[in-house]
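Below, chain A is the first sequence line, B the second, and so on; all start at residue 1.
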2 protein chains.
Amino acid sequence: MAYCWERWLSRSNPRVLLTLERAGGFASAQEVYHLMQREGQSIGLTTVYRALQSLVKEKIVDIMRREDGEAIYRLCGDTHHHHIVCKSCGDTVEIEGGVVEKWAKSLAAEHGYRDVGHSAEIFGLCPKC
Amino acid sequence: MAYCWERWLSRSNPRVLLTLERAGGFASAQEVYHLMQREGQSIGLTTVYRALQSLVKEKIVDIMRREDGEAIYRLCGDTHHHHIVCKSCGDTVEIEGGVVEKWAKSLAAEHGYRDVGHSAEIFGLCPKC
DNA sequence: AATGATAATGATAATCATTTTCATTTGTGC
DNA sequence: GCACAAATGAAAATGATTATCATTATCATT
Ligand SMILES: [Zn+2]
Ligand SMILES: [Zn+2]
Ligand SMILES: [Zn+2]
Ligand SMILES: [Zn+2]
């Protein structure tokens with residue numbers, strides 16, 4: 001354990017962060033909230049939002065957007081990866097993205113962009129469909 | 001003029017599209033709607049949403065997200081391409097994606113996926129921000 | 001321990017983009 | 001004109017996020 005963010009911040013942030021970690025990958029504020037509810041932790045939705053905001057500001061957590069615009073969060077430094085998703089059955093394969101990482105990094109540098117992230121997904125019909 | 005989308009679709013789609021064009025760059029559904037209002041065009045918000053959705057489905061228009069999650073749209077050149085978007089000011093650079101095309105194609109093949117597409121975006125802070 | 005300043009919490013209400021519903025209008029072929 | 005399907009848009013519903021604000025926890029000082 002011994003996270004560098006243990007100094008942080010309100011007494012809720014750590015609980016929210018631990019929950020996000022337990023969720024694995026991405027989770028929305030609502031999902032984190034419901035997870036904590038189901039686990040019997042007492043916390044308010046507002047506090048979850050505030051904790052996530054402060055964690056984003058501290059760059060401990062990444063924010064991204066789902067297709068429908070909902071904000072989703074994940075621990076920074078989670079192993080970063082990409083997906084192939086089946087358009088029909090939704091089946092997902094995690095894939096390696098080294099090529100994309102380099103592509104993103106070099107193009108960002110070329111255009112003078114800092115503080116760079118990227119998203120990349122492949123979608124199609126899986127063998128079964 | 002002479003757009004390839006002239007065949008499309010409802011009688012609203014062209015008006016929405018023309019407005020989006022006139023707006024230059026990105027505009028949200030709400031913004032397109034208000035623009036049309038101010039110009040004295042009579043149209044309902046619902047129809048603007050529907051028109052934009054169908055234009056996105058037809059790949060005539062690109063959809064993206066503002067920092068706050070609001071959907072923004074813009075005319076899309078017919079050549080397939082990718083973007084670097086500034087997280088702060090929304091400035092956009094069109095970039096070459098040959099590497100990504102190959103990456104997507106080979107990985108899809110490797111996992112037996114057919115009828116494959118992909119998305120890839122880079123985001124960060126532009127030189128000005 | 002009691003006090004009080006300050007920050008954190010969370011229930012509730014407000015906001016606001018987007019989607020649904022559904023009644024009305026419009027287009028199209030007969 | 002008449003039927004029938006598609007398109008429209010006003011109004012209500014939805015759902016995520018944010019703002020309010022009264023209550024509660026923290027902590028240093030008395
Ligand atoms: Zn499938
Ligand atoms: Zn990557
Ligand atoms: Zn910028
Ligand atoms: Zn591509």
**Asked** Do you see a donor-acceptor pair shorter than 3.5 Å between the side chains of A:Q41 and A:Y33?
**Response** no
**Message:** Can you tell me which residue among A:I43, A:T19, A:L35 is in a side chain to side chain contact (heavy atoms under 4.5 Å, CB included) with A:V48?
**Reply:** A:I43
**Message:** Within the 4.0 Å heavy-atom criterion, would you say B:E70 contacts the bases, only the backbone, or no part of the nucleic acid?
**Reply:** sugar-phosphate
**Prompt:** Of the nucleotides D:dG9, C:dA17, D:dT17, which one has an atom closest to the side chain of B:Q30?
**Reply:** C:dA17
**Request:** Please report, rounded to the nearest Å, how far the C1' atom of C:dA17 is from the CG atom of A:D68.
**Result:** 12 Å
**Fill in**
note: A:Q53, atom CD; C:dA8, atom C1'; distance rounded to Å ~ 14 Å
**Request:** Return the value, rounded to whole Å, for the distance between atom CD1 of A:I72 and atom C1' of D:dG15.
**Result:** 17 Å
**Prompt:** Does the ring centre of B:H82 sit less than 6.0 Å away from the ring centre of A:H118?
**Reply:** no
**Asked** Is the backbone N or O of A:S42 less than 3.5 Å from a side-chain atom of A:R15, with the two atoms forming a donor-acceptor pair by type?
**Response** yes
**Length of the line joining A:Q41:CD and C:dG10:C1', which is rounded to integer Å** = 15 Å
**Request:** Specify the separation, in whole Å, of atom CG of B:N13 and atom C1' of D:dT8.
**Result:** 12 Å
**Fill in**
Closest of C:dT18, C:dT9, D:dT17 to the B:A29 side chain is C:dT18
**Item:** Mate of D:dT29 where both pairing distances stay under 3.5 Å, Watson-Crick or G-U
**Value:** C:dA2
**Nearest to side-chain heavy atoms of B:Y49, which nucleotide of C:dT21, C:dT18, D:dT20** = C:dT18
**Request:** May I have the distance from B:Y33 (atom OH) to C:dT19 (atom P), rounded to whole angstrom?
**Result:** 16 Å
**Message:** Using Watson-Crick or G-U wobble geometry with both distances under 3.5 Å, which nucleotide pairs with C:dT18?
**Reply:** D:dA13
**Message:** Between B:L107 and A:E96, is there a side-chain heavy-atom distance shorter than 4.5 Å?
**Reply:** no
**Request:** Under 4.0 Å between any heavy atoms, over every strand shown, what does B:E31 touch: base, sugar-phosphate, or nothing? Just pick one.
**Result:** nothing
**Request:** State whether the distance check finds a donor on one side and an acceptor on the other, under 3.5 Å, for side chain B:T47 versus base D:dA7.
**Result:** no
**Prompt:** When you measure from the side chain of A:S12, which nucleotide among D:dT17, C:dT9, C:dG10 comes out closest?
**Reply:** C:dT9
**A:Q37 CD - C:dT9 P separation (whole Å)** = 15 Å
**B:T46 vs C:dT20: side-chain N/O to OP1/OP2 distance below 4.0 Å** = no
**Item:** Whole angstrom value for the distance that separates P of D:dT17 from CZ of B:R66
**Value:** 17 Å
**Item:** Proximity to the side chain of A:R50 - top-ranked nucleotide from D:dA16, C:dG10, C:dT18
**Value:** C:dG10
